[in-house]
Trainee: 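Pasting in a structure now, in structure tokens, and then I'll have a few things to ask.
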Amino acid sequence: MVRRNAFYAQSGGVTAVINATAAAVIESCREHRDVIGRLYAGRNGILGALREELIDTGKIRKRMLTAMKYTPGGVFGSCRYKLGSLEESKAQYERLIAVFRAYDIGYFFYNGGNDSADTAYKISRLGRRMGYPLACIGIPKTVDNDLVVTDSCPGFGSVAKYVALATREAALDVASMAETSTRVFIFEVMGRNAGWIAAAAGLAGEGADAAPHLILFPERAFDEADFLARVDACVRRNGYCVVVAAEGVRDASGRFLSEAGTRDAFGHAQLGGLAPYLASRVKDRLGYKYHWAVADYLQRSARHIASQVDLDHALAVGHAAVEFAVAGENAVIPVIERRADSPYRWRVSKAPLARIANREKKLPAGFIRRDGYGITARARRYLAPLIRGEAYPPYAEGLPKYATLAPELAVRKLPPWKD
Ligand code: F6P
């Protein structure tokens, strides 16, 4: 086999464990030096390739690789940058291939969600069409847990753990003072189209009177009168009510309740602000004192309380991606395959990128309680293993010790790229 170089890029929203995947890719490439020469990482994802801002990971020491496994965010940077169709964005794709050619990139690892799987798939087709041999391997990650085929997505387990424990802790706070103070607590979590994260908050308690008392899912149209009646009934029965709401909750006409008015490069609406909106409706219509919280980036960066299972998944997909590349695979992605719920057993298997690209996995109807405001026993069986195990980072002076990488860019070989 001819030795060629590799390129790794992170894409889309980062997670608490995406750097662990990066560390695994780097480690595995080093184990295959006979096949993979240098491994470059893109600064800010695919933009790094277009702008020829490449970080030579060969300079990263072992100690830093270990630290990366404990560090949230994306040490190389990530981006939301849409490459259009092969026809519309021809110049961009040609630039990518030109950069890959200049660095003799024979392996492209793209660590992201369904949009990134689509991009990696397109690049694999382009390579073939342009007669440039390139193995494109996707690597799954997304806190939203909405990739099809894979049983779960690296990044999700840790967010799931964070929201479940934050809900459990906040509920104890609210319960303590409900008689004279706050009656309703509303916790907004991520999930624009799929309610996986909101569902995970349901692990905080079980039974009709345990918090969270009500969960709002994007999969169910919001009915304000019904919601308020349930909040009121819950306060009258329990003295307080804890609500978890997915940011992507919509009204019956399909409009997001929390649209902030801005859109990203993919045309996705920026969400956030559902919790204060719901809280004001509770106050206006029911008169209860409320508090609300928006977990926002706190949830996807909460590495201090990451799930060990999630970390194991993140490492495993990184290693598997390199093994696939070395085995001569192209246009594939490692996925998590569940073998059993209890005791939880899983393994990594292989799926074609084309099966994952651009598709979205919603919460199955069988995971949502019949009344639409909670999770079922089936959902608990699915979710419970994903939040198991603690993977604490090392601490110093009371704070986690995280990796800080000052990436040194490789010397440019091509003229600057003009978008
Ligand atoms: O990566 C997915 C996600 O975390 C969504 O759940 C959330 O709506 C979105 O990213 C936020 O994106 P951004 O950071 O680009 O505003």
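The first residue in the sequence is number 1, and the count goes up from there. For ligands, and for the atoms within them, numbers begin at 1 and follow the listed sequence. Quantities reported herein were computed from a predicted structural model and do not represent experimental measurements.
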Trainee: Please work out whether the ring planes of W196 and F367 are parallel, tilted or perpendicular, with thresholds of 30° and 60°.
Mentor: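 W196 and F367: perpendicular rings.
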Trainee: For G13, take its heavy atoms, then give the atoms of ligand 1 lying under 4.0 Å from any of them.
Mentor: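 Contacts of ligand 1 toward G13, numbered from 1: 1 (O).
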Trainee: With a 6.0 Å cut-off on the ring centroids, do Y103 and F7 count as close?
Mentor: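 No - the distance between ring centres of Y103 and F7 does not fall below the 6.0 Å cut-off.
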Trainee: For the pair R38 and D56, find out whether any cationic side-chain nitrogen is under 4.0 Å from an anionic carboxylate oxygen.
Mentor: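 Yes, R38 and D56 are salt-bridged.
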Trainee: Applying salt bridge (Lys or Arg N to Asp or Glu O under 4.0 Å), which residue pairs with at least one partner in residues 298-316 are found, sequence neighbours left out?
Mentor: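 Applying salt bridge (Lys or Arg N to Asp or Glu O under 4.0 Å) to every pair that reaches into residues 298-316, excluding sequence neighbours, yields nothing.
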Trainee: Between E27 and K62 (salt bridge meaning N to carboxylate O under 4.0 Å), is one present in this structure?
Mentor: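 So E27 does not pair with K62 through a salt bridge.
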Trainee: Provide the number and element of each atom of ligand 1 under 4.0 Å from a heavy atom of E247.
Mentor: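 Selected atoms, number and element: 5 (C), 6 (O), 7 (C), 8 (O).
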Trainee: Which residues pass the side chain to side chain contact (heavy atoms under 4.5 Å, CB included) test with A314, sequence neighbours left out?
Mentor: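 With neighbours one apart ignored, the set is V17, A20, T21, P154.
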Trainee: Output yes when the distance from some N or O of ligand 1 to some N or O of R300 is under 3.5 Å, and no in every other case.
Mentor: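 Yes: some nitrogen or oxygen of R300 is under 3.5 Å from one in ligand 1.
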Trainee: Hey, does D144 sit under 4.0 Å from ligand 1 if you only count heavy atoms?
Mentor: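 Heavy atoms of D144 do come under 4.0 Å of ligand 1.
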Trainee: With backbone taken as N, CA, C and O and side chain as the heavy atoms from C-beta onward, which portion of V143 lies under 4.0 Å from ligand 1: side chain, backbone, both, or neither?
Mentor: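 The answer is the side chain.
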Trainee: Counting heavy atoms only, name the option from R192, R80, K141 that's nearest to atom 10 (O) of ligand 1.
Mentor: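 Answer by nearest heavy atom: R80.
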Trainee: Heavy-atom contacts with Y297 under 4.0 Å: which atoms of ligand 1 show up? List them by number with element.
Mentor: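 Near Y297, meaning under 4.0 Å from one of its heavy atoms, ligand 1 has 13 (P), 14 (O), 16 (O).
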